[in-house]
Chemist: 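Supplied in structure tokens, the structure appears directly below.
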Amino acid sequence: MVLFLSVSLFAQKKVYEFHSNNTKVRMKKNGFPTINSVVNTSFEVKNKVKAKKVISEEYKKLNVEIRDVVKDSVSSNLKYQKAIEKLEALKKINTLISSYINSTKPYELKVNKLIAAQKIADTYSFDQFIYADENLHPEKKSKFFILKLNRLDLKVHLKKITWELDKKVKNFKQAPKDTEADSKLKILREKLKKTKKYKYIKQPFKVHVEEGFALGATISDPTIVVGAFQKVKDCYVLKETYGRYKKGRIISVDEAVSGRVPNNYFVDGSLKKLISDVDNGKMYVVENDFLNKFALKINGKYNYKSTVKKIVKNKVTAVTYYR
């Protein structure tokens with residue numbers, strides 16, 4: 001903000017010259033001007049910090065519930081699928097044994113059905129003795145050999161197994177499919193869709209200090225403002241604190257616009273001018289039309305002229321002169 005006081009900038013601006021006598025004369029017509037001194041000071045400015053975006057607790061809680069229900073549902077459905085597989089395995093064993101019994105083919109051409117049935121029984125840990133040889137249940141090889149010697153005994157043995165398997169199939173209690181978990185999961189997922197995922201947590205203001213100008217004391221005698229002055233900028237003076245701008249602070253038009261400061265927060269609700277003494281840099285805040293109304297000269301030329309009527313040899317003559 002001090003840059004606009006540099007000599008290079010002053011050289012490009014109009015120079016307004018003030019004289020105490022001229023100011024007195026102009027006050028009779030324009031009234032008493034409001035002039036304030038300017039104080040160069042520091043301001044503590046609070047800047048808003050963007051709110052922190054976090055996942056809401058309700059959203060987290062629902063996700064945990066869904067995960068638990070999915071876990072239970074998967075476990076339950078896995079049990080259900082395994083139970084179905086076991087039931088189908090029992091039926092398959094029964095089918096293979098029945099196919100062997102009902103087949104009219106020689107033993108050598110149909111024994112593979114008994115081998116397949118025994119392997120299924122072993123896979124699912126069914127305690128069934130269907131077939132044995134040197135590779136498959138060798139400890140029971142002798143027992144199966146004796147049964148094989150009398151085909152009728154083998155048939156009776158296998159029939160008993162099919163009856164037992166029929167009972168097991170009929171009495172098989174499979175784990176029910178968890179339809180309740182599926183329904184609960186559907187409800188929770190619908191609820192999750194309607195739940196706000198994020199919440200915003202307000203963050204404390206970030207405070208920093210910046211240099212600026214503030215309104216000083218009111219000048220009781222406007223005639224003391226004499227010499228050459230230049231306009232620093234158009235400005236507003238805060239009569240009340242608004243946002244980052246403190247009461248009494250002098251701000252530019254751009255700052256007022258960017259800060260969206262309402263007019264009723266400005267002193268007099270009107271535009272002011274910040275002016276500076278060319279010689280010593282002393283600054284004042286003046287009314288917007290002060291420079292044009294009270295300056296004696298602008299860039300070396302008289303700022304105004306007066307016309308009065310004067311009687312010369314019984315004739316009225318207009319005489320123009322500069323003050």
Side-chain angles (χ1 to χ4, degrees), residues 55 58-195 197:
I55 297 174
E58 188 180 359
Y59 193 89
K60 283 182 185 177
K61 186 180 176 183
L62 280 170
N63 264 322
V64 170
E65 284 186 60
I66 288 171
R67 187 182 63 217
D68 291 343
V69 173
V70 166
K71 188 178 176 182
D72 293 342
S73 178
V74 168
S75 177
S76 175
N77 287 334
L78 192 61
K79 287 179 183 178
Y80 172 78
Q81 291 301 327
K82 284 183 177 179
I84 293 295
E85 285 179 19
K86 256 189 171 181
L87 181 61
E88 292 304 315
L90 287 173
K91 290 179 181 179
K92 182 67 176 176
I93 293 169
N94 214 349
T95 299
L96 288 167
I97 293 173
S98 296
S99 180
Y100 173 87
I101 293 170
N102 296 327
S103 175
T104 56
K105 291 180 181 180
Y107 172 80
E108 291 76 13
L109 296 178
K110 61 181 181 180
V111 69
N112 61 314
K113 297 182 186 296
L114 297 182
I115 295 171
Q118 185 63 66
K119 286 180 178 179
I120 294 171
D122 292 345
T123 300
Y124 289 93
S125 302
F126 295 142
D127 186 18
Q128 302 292 340
F129 169 52
I130 302 167
Y131 173 86
D133 59 21
E134 61 274 6
N135 297 315
L136 196 62
H137 292 287
E139 75 281 359
K140 295 179 181 179
K141 179 183 174 183
S142 300
K143 186 177 180 180
F144 184 76
F145 181 74
I146 294 170
L147 284 171
K148 191 173 69 170
L149 289 176
N150 189 332
R151 300 295 169 86
L152 183 59
D153 288 345
L154 179 59
K155 187 176 181 180
V156 172
H157 170 70
L158 294 173
K159 272 284 184 185
K160 285 180 180 179
I161 292 174
T162 58
W163 293 337
E164 288 176 17
L165 291 174
D166 280 337
K167 285 181 184 178
K168 283 185 178 182
V169 169
K170 192 177 288 185
N171 298 325
F172 189 85
K173 291 182 179 179
Q174 67 186 48
K177 191 173 182 182
D178 197 350
T179 53
E180 185 180 340
D182 293 339
S183 298
K184 188 175 181 181
L185 194 59
K186 186 178 179 181
I187 292 167
L188 285 171
R189 281 175 173 160
E190 285 297 319
K191 192 174 179 182
L192 188 69
K193 284 181 185 178
K194 297 174 183 176
T195 302
K197 185 174 182 178

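All residue numbers in this chain count up from 1 along the given sequence.
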Chemist: Would you say the side chain of His137 lies within less than 4.5 Å of the side chain of Tyr131, judging by non-hydrogen atoms?
Modeler: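 The answer is no, as the side chains (C-beta and beyond) never meet within the 4.5 Å cut-off.
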
Chemist: Less than 4.5 Å apart, side chain to side chain, heavy atoms only: is that true for Lys191 and Glu65?
Modeler: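 When only atoms from C-beta onward are counted, Glu65 and Lys191 do not touch, as no gap falls below 4.5 Å.
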
Chemist: What distance do Ile101 atom CD1 and Leu96 atom CG have between them, rounded to the nearest 0.5 Å?
Modeler: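 Those atoms lie 11.5 Å apart.
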
Chemist: Can Lys168 and Gln128 be said to form a side chain to side chain contact (heavy atoms under 4.5 Å, CB included), step by step?
Modeler: CA-CA 12 Å; Lys168 283 185 178 182; Gln128 302 292 340; 3.2 Å; yes

Chemist: Judged by atom type as modelled, is there a donor-acceptor pair below 3.5 Å linking the side chain of His157 to the main-chain atoms of Phe144?
Modeler: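 No.
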
Chemist: Under 4.5 Å between any side-chain heavy atoms of Arg67 and Val64, yes or no?
Modeler: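 Yes, their side chains come closer than 4.5 Å.
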
Chemist: What heavy-atom pair brings Gln118 and Ile130 nearest, and what distance separates the two atoms?
Modeler: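 In terms of heavy atoms, the two residues are closest at OE1-N, 2.6 Å.
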
Chemist: Tell me whether Lys110 contacts the main-chain N or O of Ser103 through its side chain, where contact means a donor paired with an acceptor under 3.5 Å.
Modeler: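 Pair found, side chain donor or acceptor close to backbone of Ser103.
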
Chemist: Taking atom NZ as the centre, does Lys140 end up with more than 12 heavy-atom neighbours from other residues, nucleotides or ligands that are less than 6.0 angstrom away?
Modeler: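 Count over threshold, so yes.
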
Chemist: Roughly how far, to the nearest 0.5 Å, is CG of Asn63 from CG of Asp68?
Modeler: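 Rounded to the nearest 0.5 Å, the CG-CG separation comes out at 11.0 Å.
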
Chemist: Between Glu190 and Lys193, is the closest basic N to carboxylate O distance under 4.0 Å?
Modeler: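 A salt bridge links Lys193 with Glu190.
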
Chemist: Between atom CG of Leu165 and atom NZ of Lys170, what is the distance when rounded to the nearest 0.5 Å?
Modeler: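 With rounding to 0.5 Å, CG (Leu165) is 13.0 Å from NZ (Lys170).
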
Chemist: Give a yes or no on whether the backbone of Lys91 and the side-chain of Thr95 come within a donor-acceptor separation of less than 3.5 Å.
Modeler: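 Side chain of Thr95 to backbone of Lys91, a donor-acceptor pair under 3.5 Å: yes, one is there.
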
Chemist: Roughly how far, to the nearest 0.5 Å, is the CD atom of Glu164 from the CD1 atom of Ile93?
Modeler: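 Nearest 0.5 Å value for the CD1-CD distance: 12.0 Å.
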
Chemist: For the NZ atom of Lys155 and the OH atom of Tyr100, what is their distance to the nearest 0.5 Å?
Modeler: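 These two atoms lie 10.0 Å from each other.
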
Chemist: Using side-chain heavy atoms (C-beta onward) and a distance below 4.5 Å, is Leu147 in contact with Phe129?
Modeler: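 Yes, side chains in contact.
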
Chemist: Go through the structure and list residues passing side chain to side chain donor-acceptor pair (under 3.5 Å) with Asn112, not counting sequence neighbours.
Modeler: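 Asn112: no side chain to side chain donor-acceptor pair (under 3.5 Å) contacts found.
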
Chemist: May I ask you to check whether over 12 heavy atoms, not counting those of Glu88, lie within 6.0 Å of atom CD?
Modeler: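 Yes, enclosed.
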
Chemist: Looking at NZ of Lys159 and CD1 of Ile97, how far apart are the two atoms once the value is rounded to the nearest 0.5 Å?
Modeler: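 Separation between the atoms: 11.0 Å.
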
